[in-house]
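Note that the coordinates shown come from a computational prediction; the quantities given were computed from them, not determined experimentally. Just so we're on the same page: letters track the sequence lines, and every chain starts at 1.
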Amino acid sequence: MHGLNTCYVILYNDMKRTKVKEVLQTAPSDQEVLVKGWVRTKRGNKYVTFIAVNDGSTIHNIQVVADMTVFSEESLKEVTTGASVSVLGTLVQSQGKGQTVEIQARTVEVLGTADPETYPLQKKGHSLEFLREIAHLRPRTNTFGAVLRVRHAMAFAVHQYFNSKGFFYIHTPIITASDAEGAGEMFRVTTLDPVNPPKTETGEVDFSEDFFGKSTNLTVSGQLEGEVTAMALSEIYTFGPTFRAENSNTSRHLAEFWMIEPEMAFYELEDNMDLAEDFLKYLVRYALDNCMDDLQFLNDMYDKELLPRLNFVVENDFQRLNYTEAIEILKTAKQKFEYKVDWGTDLQSEHERYLVEKHFKKPVILTNYPKDIKSFYMKLNDDGKTVRAMDVLFPGIGEIIGGSQREESYEKLVTRMQEMGVPEKEMWWFLDTRRFGTVPHSGFGLGFERLLLFVTGMGNIRDVIPFPRFPKSAEF
RNA sequence: UCCUCCUUAGCUCAGUCGGUUAGAGCACAUGACUGUUAAUCAUGGGGUCCUUGGUUCGAGCCCAAGAGGGGGAGCCA
């Protein structure tokens with residue numbers, strides 16, 4: 001008896017864990033398997049207990065069957081929703097419907113209990129609002145498991161796409177002294193004593209005493225550094241965290257989000273649009289090819305039009321038109337708008353939605369906006385009134401990409417900076433790109449979470465990032 | 001920041017005209033059931049009705065302020 005036990009323990013310890021995803025794809029032939037994961041549900045009767053185990057490798061659970069003539073009820077008492085378990089058993093063809101294989105358990109070891117009275121997640125559905133309050137546990141739900149796996153796949157696909165096209169991944173700084181990008185309010189980075197900071201003679205905070213010897217902030221964009229490196233490596237991209245201290249309370253904004261910013265030398269606006277469209281279609285196609293289980297779940301649970309919409313985007317060309325044409329369409333539209341449509345003013349959300357969702361019924365690339373509503377670095381058209389900007393507008397999301405051909409002329413760029421009050425003195429290094437070997441170039445920014453909103457069909461951007469940061473919220 | 005709606009059991013929600021002891025489903029506990037599929041059935045426990053103040057004989061319900069959340073807008077990606 002003693003010898004038998006010893007033998008068994010060695011066998012158990014030597015056994016390697018198999019991920020649920022792999023187990024589910026394995027042909028059953030009574031082979032021994034060891035599975036570890038978290039219990040989703042337990043059900044059954046006096047004679048048989050079914051335990052659904054999930055380890056996050058796939059949205060699907062493995063069904064563990066415990067024969068209650070072998071197991072005692074006491075030994076499975078701690079196997080409750082949320083508990084972590086290690087299951088050793090035989091992989092067999094399922095006797096029941098609903099799954100092809102299941103594990104006939106020999107041992108079920110509880111690694112960590114989860115008191116069912118206090119464990120917040122239940123078998124039944126929870127509201128996304130409630131799950132936001134328990135962001136540390138929501139990855140254990142089907143929905144967030146699916147979203148996080150898709151998020152990973154999209155991040156991977158971004159790198160694969162650019163790598164295959166010969167783009168180089170550039171790490172632009174997170175901390176920046178440049179305050180001139182005009183992309184909104186910034187988070188200050190400082191080591192000065194907030195209670196008693198050093199002061200100048202005029203009574204202002206003396207940032208020359210600060211860590212970097214000047215006032216610094218978290219980046220709102222890697223574009224300017226991206227341009228600098230594109231002026232050497234031709235085609236680069238950045239993919240990193242971005243910080244905006246705007247008091248934005250919407251389902252499309254975060255204070256901390258991830259942005260992808262390609263920057264390409266020798267690209268004009270047309271090339272820029274071609275890249276943006278090809279890139280977005282590649283990403284959506286990648287999701288369809290690699291995340292179908294998760295997308296199918298999201299399609300069934302949240303948005304029955306998700307898969308048709310994703311397929312539509314992959315299969316159809318984006319509508320390209322310039323700002324002036326868009327204004328004409330909106331002016332003659334039968335729909336009444338809350339905000340007036342006028343050449344020279346920026347399009348409101350309702351206008352963008354009309355163009356994308358009602359008029360063209362497909363993604364739209366809008367170009368050549370009036371210069372006064374766009375950034376200083378965008379290339380001025382020959383008409384002197386518009387710039388070579390492009391915004392890619394998606395259904396339900398609005399602006400998913402914002403980009404432009406850049407102004408490569410030193411003189412024109414300086415003029416625009418003066419007109420728009422951008423301090424050229426601080427930007428000497430950026431201007432040097434136009435002084436030494438300037439070339440036509442273009443780029444754009446893609447909000448990673450906005451892409452995920454589209455690909456997953458989620459309605460709120462706070463549900464496509466594991467730990468969202470937004471005004472009054474930095475828990476977890 | 002603005003507009004608007006919401007806040008009642010662990011979760012999702014109902015609660016009539018301001019009136020006695022605030023309900024349901026799920027979850028949880030106990031029991032039943034020989035293969036379940038968000039298992040089912042029976043029984044049971046479970047409440048700071050967001051907070052503070054006010055009106056009233058009496059407030060979950062009416063009023064005011066505050067807090068938190070949703071949706072929309074602006075800013076943008």
Side-chain angles (χ1 to χ4, degrees), chain A residues 40-52 60-69 73 77 80-82 92 94-99 102 104 114-134 141-142 181-185 220-223 241-261 276 301 337-339 346-353 373-375 391-394 397-403 444-454 459-465 470-473 475:
Chain A
R40 286 296 176 77
T41 70
K42 184 175 77 167
R43 53 180 175 265
N45 53 44
K46 202 190 296 183
Y47 304 94
V48 62
T49 294
F50 302 96
I51 308 161
H60 301 298
N61 305 324
I62 182 75
Q63 173 157 284
V64 172
V65 185
D67 182 347
M68 295 312 281
T69 61
E73 213 160 291
K77 206 168 172 57
T80 59
T81 300
V92 298
S94 178
Q95 291 175 36
K97 286 170 186 166
Q99 60 280 316
E102 62 193 20
Q104 197 70 48
D115 178 6
E117 287 284 353
T118 52
Y119 184 60
L121 292 174
Q122 300 164 12
K123 302 175 189 183
K124 297 259 171 181
H126 295 283
S127 69
L128 294 170
E129 292 83 6
F130 171 68
L131 292 175
R132 245 169 254 156
E133 294 169 12
I134 49 165
T141 63
N142 285 331
E181 287 146 17
E185 290 296 309
V220 293
S221 166
Q223 182 193 318
T242 309
F243 307 88
R244 306 262 168 101
E246 299 288 350
N247 191 13
S248 295
N249 290 289
T250 82
S251 55
R252 298 183 306 282
H253 290 85
L254 291 166
E256 177 184 283
F257 63 101
W258 290 67
M259 189 155 62
I260 299 141
E261 296 180 287
M301 291 299 288
F337 296 115
E338 193 182 333
Y339 290 86
D346 210 352
L347 297 182
Q348 303 293 316
S349 285
E350 56 175 344
H351 304 142
E352 295 180 350
R353 268 207 307 276
I373 58 172
K374 288 293 180 182
S375 302
D391 283 1
V392 181
L393 310 178
F394 260 35
I397 316 289
E399 185 182 341
I400 196 168
I401 278 181
F444 61 81
L446 168 67
F448 187 54
E449 284 77 16
R450 290 205 178 159
L451 170 77
L452 285 167
L453 277 181
F454 182 75
N460 193 314
I461 202 161
R462 296 167 187 178
D463 296 333
V464 296
I465 186 167
F470 51 94
K472 298 277 183 295
S473 179
E475 192 77 46

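For A/Arg252 and B/G72, the shortest distance from a side-chain N or O to OP1 or OP2 is not below 4.0 Å. The shortest distance between the side-chain N/O atoms of A/Thr81 and the OP1/OP2 oxygens of B/A27 is not below 4.0 Å. At B/G35, one or more side-chain N or O atoms of A/Asn45 fall inside 4.0 Å of OP1 or OP2 (strictly under the cut-off). At B/U30, one or more side-chain N or O atoms of A/Lys77 fall inside 4.0 Å of OP1 or OP2 (strictly under the cut-off). For A/Asn249, no side-chain nitrogen or oxygen approaches OP1 or OP2 of B/G74 to under 4.0 Å. Between A/Thr41 and B/A39 there is a side-chain N or O to OP1 or OP2 distance below 4.0 Å. Contact annotation: A/Arg462 side-chain N/O to B/G69 OP1/OP2 distance is not under 4.0 Å. The shortest distance between the side-chain N/O atoms of A/Ser251 and the OP1/OP2 oxygens of B/G72 is below 4.0 Å.
Base pairing annotation: B/A64 forms a Watson-Crick or G-U wobble pair with B/U52, both donor-acceptor distances under 3.5 Å. Pairing for B/G71 is with B/C3, a Watson-Crick or G-U wobble pair whose two hydrogen-bonding atom distances lie under 3.5 Å. With a 3.5 Å ceiling on both atom-pair distances, B/A9 lacks any Watson-Crick or G-U wobble partner. B/A27 is unpaired under the Watson-Crick or G-U wobble criterion, no partner having all donor-acceptor distances under 3.5 Å. With a cut-off of 3.5 Å on both pairing distances, B/G35 has no Watson-Crick or G-U wobble partner at all. A 3.5 Å limit on both hydrogen-bonding distances identifies no Watson-Crick or G-U partner for B/G58.
When side chains are defined from C-beta on, A/Pro116 does not count as touching A/Lys42, because their heavy atoms never get closer than 4.5 Å. Using a 4.5 Å cut-off on side-chain heavy atoms (C-beta onward), A/Phe257 and A/Arg450 make no contact. With a 4.5 Å cut-off on side-chain heavy atoms, A/His351 and A/Glu338 do not count as touching. Contact of the A/Leu131 side chain with the A/Leu121 side chain is registered, since non-hydrogen atoms from C-beta on lie closer than 4.5 Å. A/Glu102 places a side-chain heavy atom less than 4.5 Å from the side chain of A/Val92.
To the nearest whole angstrom, the two P atoms, one in B/U21 and one in B/G58, are 15 Å apart. Taking the C1' atoms as reference points, B/U48 lies 25 Å from B/C5, given to the whole Å. Separating the P atom of B/U56 from that of B/U12 is a span of 37 Å, rounded to the nearest Å. Spacing of P atoms, B/U37 relative to B/C41, comes out at 11 Å, to the nearest Å. Using atom P as the reference point in both B/A24 and B/A42, the two lie 13 Å apart (nearest Å). Straight-line distance between the P atoms of B/G25 and B/U43: roughly 10 Å, to the nearest whole Å. The P atoms of B/U20 and B/A64 are separated by 25 Å, rounded to the nearest whole Å. B/G45 and B/C6 have their C1' atoms separated by 30 Å, given to the nearest Å.
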Practice item. Any chance you could lay out the side chain to side chain contact (heavy atoms under 4.5 Å, CB included) test for A/Ile465 and A/Leu254, step after step, and finish with the verdict? Key: CA-CA 10 Å; A/Ile465 186 167; A/Leu254 291 166; 3.9 Å; yes
Practice item. Starting from the C-alpha separation in whole Å, work towards a yes-or-no answer on side chain to side chain contact (heavy atoms under 4.5 Å, CB included) for A/Met68 and A/Lys46. Key: CA-CA 7 Å; A/Met68 295 312 281; A/Lys46 202 190 296 183; over 6 Å; no
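Within the nucleic acid shown, A/Gln63 comes within 4.0 Å of at least one base atom, counting heavy atoms only. Across all strands shown, A/Tyr339 has heavy atoms under 4.0 Å from sugar-phosphate atoms exclusively, and none from any base. Counting any heavy atom pair closer than 4.0 Å across all strands shown, A/Ser349 reaches sugar-phosphate atoms only and no base atom. At the heavy-atom level, A/Gln99 lies under 4.0 Å from base atoms of the strands shown. Across all strands shown, A/Ile400 has heavy atoms under 4.0 Å from sugar-phosphate atoms exclusively, and none from any base. Base contact: A/Gly44 has a heavy atom under 4.0 Å from a base atom. Residue A/Gln95 is in base contact, counting any heavy-atom pair closer than 4.0 Å across all strands shown. Within the nucleic acid shown, A/Ile397 has no heavy atom closer than 4.0 Å to any nucleic acid atom.
A/Ser248 contributes no side-chain N or O that forms a donor-acceptor pair with the base of B/C76 under 3.5 Å. One cannot find a donor-acceptor pair under 3.5 Å joining the base of B/G10 and the side-chain atoms of A/Glu117. The base of B/U7 does not come close enough to the side chain of A/Glu129 for any donor and acceptor atom to sit less than 3.5 Å apart. Counting distance only, with no hydrogens placed and no angle test, the side-chain atoms of A/Glu102 and the base atoms of B/G35 include a donor-acceptor pair under 3.5 Å. Side-chain atoms of A/Arg40 stay outside donor-acceptor range of the base of B/A38, with no qualifying N/O pair under 3.5 Å. For B/C76, the base has a donor-acceptor partner in the side chain of A/His253 [N/O atoms by modelled type, under 3.5 angstrom].
Taking every side-chain heavy atom of A/His126 into account, B/C11 is the closest of B/A77, B/G74, B/C11. You'll find that the side chain of A/Leu254 is closest to B/A77, out of B/U37, B/A77, B/G74. In this structure, of B/A73, B/C33, B/G74, it is B/C33 that holds the atom nearest to the side chain of A/Lys46. Nearest to the side chain of A/Gln122, among B/G71, B/A27, B/A73, sits B/A27. Side-chain proximity of A/Ser94 to B/C76, B/G69, B/G35: nearest is B/G35. Nearest nucleotide to the A/Arg450 side chain, out of B/G35, B/C11, B/C76: B/C76.
The residue among A/Asn247 and A/Lys97 whose nearest nucleotide of RNA chain B is located toward the 5' end is A/Asn247. If you find the closest nucleotide of RNA chain B to A/Lys42 and to A/Phe130, the one lying nearer the 5' end belongs to A/Phe130.
Whole-Å rounding puts the A/Ile51 CD1 to B/U37 C1' distance at 14 Å. The NZ-P distance, from A/Lys472 to B/G69, rounds to 10 Å in whole Å. A/Asp391 places its CG atom 14 Å from the C1' atom of B/C75, with the value rounded to the nearest Å. Regarding A/Asp346, its CG atom lies at a distance of 11 Å from the P atom of B/A77, rounded to whole Å. Spacing between atom CD1 of A/Ile373 and atom C1' of B/C76 amounts to 13 Å, rounded to whole angstrom units. Separating the CG atom of A/Leu452 from the C1' atom of B/A77 is a distance of 12 Å, rounded to the nearest angstrom.
Taking the ring centre of A/Phe470 as origin, the terminal cationic atom of A/Arg462 falls inside the region bounded by 6.0 Å and 45° from the ring axis.
A side-chain donor-acceptor contact under 3.5 Å links A/Thr41 and A/Arg43.
Here the closest non-hydrogen pair linking A/Gly459 and A/Ser251 is O-CB, 3.6 Å.
Both stacking criteria are satisfied for A/Phe257 over the base of B/A77: a centre-to-centre distance under 5.5 angstrom and an angle between ring planes under 30 degrees.
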